[in-house]
Amino acid sequence: MKQAELARRVGISTSYMNLIEHNHRDVGGALLAKLAVALETDVSRLRNGAEAMLLEACGAAGEAHADCMPEMAELDDLAERFPGWARLIASQHDEAQRATDLLRLLNDRLSHDPYLSASIHDVLSSVTSIRSASAILADGSDLDPAWQSRFHRNIYEDSQRLAQTMGGLVSYLDQDRSADRTKALPQEEVEQWLQEHEWSFSDEDHAADCVAQNTWSTQVARHMAETYAATFIQDAVDIPVEVLKPLIETLGPDPLELAWKTGMSVPQIIRRLAVLPSETFPDGSARGAVACDASGTIIFRKPVRGFDVPRFGAACPLWPLFQALQRPQTPLVNTVRLPGEGVEGAMFDVHAFAEMEFPDGYAGPPLTKAWMLISPATDDQAQAYPVGLSCRVCSHSDCKARREPAFFASE
Amino acid sequence: MPGRVLLIEDEPNIIEAIRFILSREGWRVDTHSDGRTAVDAVRERLPDLVILDVMLPNRSGYDILNDIREIEEFGSLPVLMLTARGQSKDRALAETLGVDRFMTKPFSNGEILDTVRELTGA
């Protein structure tokens with residue numbers, strides 16, 4: 001029986017069951033009795049099992065700190081005479097192990113942080129291209145004017161891209177992690193976890209296992225992950241991929257058409273499309289999505305290659321996402337062009353929709369959330385309007401919507 | 001005698017620069033940007049050397065290298081891998097999969113030329 005199912009049968013959350021399983025919570029009374037019934041055993045066997053687990057955990061702590069020469073032969077006696085101290089030893093060993101794992105994770109952040117990894121790749125690719133083009137131009141041999149022009153253009157484009165990427169990296173690495181450290185980390189942690197699982201889960205049990213098996217730094221992050229998983233599973237139940245894929249083939253990946261055909265909401269369709277694998281789509285390209293609340297704060301990010309949603313700080317105010325906020329329940333579709341790259345890969349088709357909810361009925365304020373689906377542009381000759389990722393790293397110097405100067409702007 | 005190179009890379013400006021410097025030395029350069037069909041491109045083009053980027057859309061260069069090596073006729077096809085990350089574990093993985101040379105970005109035009117000549121004996 002899986003942990004999630006056992007938790008459901010005895011009426012507690014999966015997260016609490018996980019705490020019990022890892023000896024972070026005592027169990028007794030009615031709950032212990034319910035567990036015994038669910039596991040088809042008796043209470044005394046469960047108690048003995050819990051003691052065995054405690055001894056095992058204390059034994060592991062002793063082995064990990066063998067240099068302290070703990071009296072391992074006296075472990076049974078310790079657990080029997082001083083169970084609280086035994087639980088303390090086990091708990092501290094577990095916490096130390098979690099901290100070590102987290103430190104290892106942070107030390108190898110480039111491997112585990114998709115934003116850093118992608119940004120470093122972009123920087124090095126831009127530098128490589130600039131280096132090669134510069135060397136070709138500088139080697140002194142006769143170069144056809146058309147080639148000279150092409151390589152000058154390439155250097156210009158890669159310089160723009162480099163500036164933009166470096167700006168994003170500076171913002172990302174230069175965050176204030178002192179006072180609000182614990183608040184800044186949960187969303188990062190959840191996004192990393194989602195990236196590792198490719199934003200999808202096969203079923204409810206799989207989602208619960210993925211939440212339970214991850215080492216969460218905070219309960220806030222864990223709760224956020226559970227919320228996402230529950231939403232995803234509900235979306236998948238409401239519109240399975242077996243139903244959605246043929247509709248995409250006939251109607252195209254248009255969230256409005258698909259919502260109309262399926263009876264689902266546009267945000268739900270956008271969420272669904274954003275997490276489907278690339279082979280679901282006729283063009284073989286995965287989709288991205290971003291969502292914000294009424295304050296414009298980004299509450300969901302699923303990036304797509306070439307369109308990086310800022311991790312911290314405000315996004316570009318020209319995004320259709322924010323225009324949709326001003327016109328709830330009105331679908332928007334645009335083709336946008338990002339700065340700093342060549343024609344290929346810089347254009348995206350975006351569908352945006354804002355939905356209002358009234359959780360407190362007539363008495364409370366409406367809550368608005370906007371969603372934007374990001375797809376590779378279908379027509380690279382289409383009329384596209386320029387947007388950026390964030391003012392601080394945007395090279396559109398004459399943008400009327402600019403909120404702050406770019407970090408690389410001259411005085 | 002320069003032969004045929006297949007460049008599997010999705011960065012347009014890098015493609016243009018490498019194609020230029022190799023073509024100028026007499027190499028025939030074919031390019032391919034989609035990781036999913038890269039192995040098909042190797043079968044079609046029958047290059048003397050493959051230059052393979054690690055980070056490609058839809059498929060990693062490591063998977064592509066693995067598939068190339070599983071085809072008997074390409075067991076000894078020279079493969080030069082390009083990557084933005086040069087950690088020892090990345091290099092070790094590439095060597096396990098049968099790469100002939102592992103080059104980290106940014107590289108110079110001279111390095112590319114010298115390595116291509118060395119791996120093909122041209």
Side-chain angles (χ1 to χ4, degrees), chain A residues 107-108 110-111 114 116-139 141-144 146-162 165 277-279 281 283-286 304-306 340-346 376, chain B residues 7-25 29 31 33-38 40 51-63 80-93 102-116:
Chain A
N107 278 342
D108 193 17
L110 272 181
S111 295
L116 270 184
S117 183
S119 296
I120 294 296
H121 177 264
D122 274 354
V123 166
L124 290 174
S125 293
S126 299
V127 168
T128 300
S129 175
I130 291 171
R131 185 180 185 180
S132 286
S134 305
I136 290 167
L137 289 168
D139 80 352
S141 58
D142 287 337
L143 190 61
D144 185 279
W147 277 111
Q148 285 187 33
S149 177
R150 284 172 77 160
F151 286 120
H152 278 125
R153 183 207 67 193
N154 290 353
I155 289 172
Y156 171 72
E157 287 172 357
D158 284 308
S159 302
Q160 296 276 76
R161 177 183 171 189
L162 188 60
T165 307
S278 57
E279 51 265 24
F281 301 95
D283 62 4
S285 297
V304 66
R305 185 177 169 87
E341 294 190 25
V343 173
E344 293 176 1
Chain B
L7 171 59
I8 305 175
E9 165 69 72
D10 67 319
E11 295 284 347
N13 293 351
I14 292 180
I15 290 172
E16 193 155 56
I18 292 179
R19 192 211 304 262
F20 181 86
I21 60 176
L22 291 180
S23 302
R24 190 169 57 175
E25 300 296 321
V29 182
T31 64
S33 303
D34 187 347
R36 288 172 302 180
T37 53
D40 295 334
I51 302 176
L52 174 61
D53 189 25
V54 169
M55 277 189 72
L56 288 165
N58 302 312
R59 207 141 189 258
S60 87
Y62 295 116
D63 291 336
L80 162 61
M81 213 156 189
L82 306 178
T83 180
R85 300 202 62 202
Q87 286 194 326
S88 56
K89 62 178 182 178
D90 303 302
R91 190 179 295 270
L93 174 59
F102 189 79
M103 191 176 288
T104 52
K105 296 175 182 177
F107 43 77
S108 69
N109 295 344
E111 282 178 281
I112 284 283
L113 267 172
D114 289 344
T115 305
V116 168

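Chain letters run A, B, ... following the sequence lines, proteins first, then strands; residues in each count from 1.
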B/Lys105 vs A/Arg131, side chain to side chain contact (heavy atoms under 4.5 Å, CB included): CA-CA, chis, key distance, verdict: CA-CA 10 Å; B/Lys105 296 175 182 177; A/Arg131 185 180 185 180; over 6 Å; no
Worked check of side chain to side chain contact (heavy atoms under 4.5 Å, CB included) between B/Asp53 and A/His121: CA-CA 11 Å; B/Asp53 189 25; A/His121 177 264; 4.1 Å; yes
Spacing of [X] atom [atom1] and [Y] atom [atom2] [to the nearest 0.5 Å]:
{"X": "A/Ser129", "Y": "B/Ile14", "atom1": "OG", "atom2": "CD1", "value": "6.0 Å"}
{"X": "B/Arg19", "Y": "A/Ser132", "atom1": "CZ", "atom2": "OG", "value": "14.0 Å"}
{"X": "A/Asp139", "Y": "B/Arg24", "atom1": "CG", "atom2": "CZ", "value": "5.0 Å"}
{"X": "B/Phe20", "Y": "A/Asn154", "atom1": "CZ", "atom2": "CG", "value": "11.5 Å"}
{"X": "B/Asn13", "Y": "A/Ile155", "atom1": "CG", "atom2": "CD1", "value": "9.5 Å"}

By side-chain contact (heavy atoms from CB on, under 4.5 Å) - contacts of B/Ser33 (at least two apart): B/Asp10, B/Ile15
Proximity breakdown for A/Ser278 and chain B, heavy-atom pairs closer than 4.5 Å: side chain
Chain B interface, residue from A/Ile130, A/Leu124, A/Val127 that has the most non-hydrogen pairs under 4.5 Å: A/Leu124
Non-hydrogen atoms of B/Ala17 and A/Phe151 that approach each other most closely: CA-CE2, 4.0 Å
Part of B/Glu11 within contact of chain A (heavy atom distance under 4.5 Å): side chain
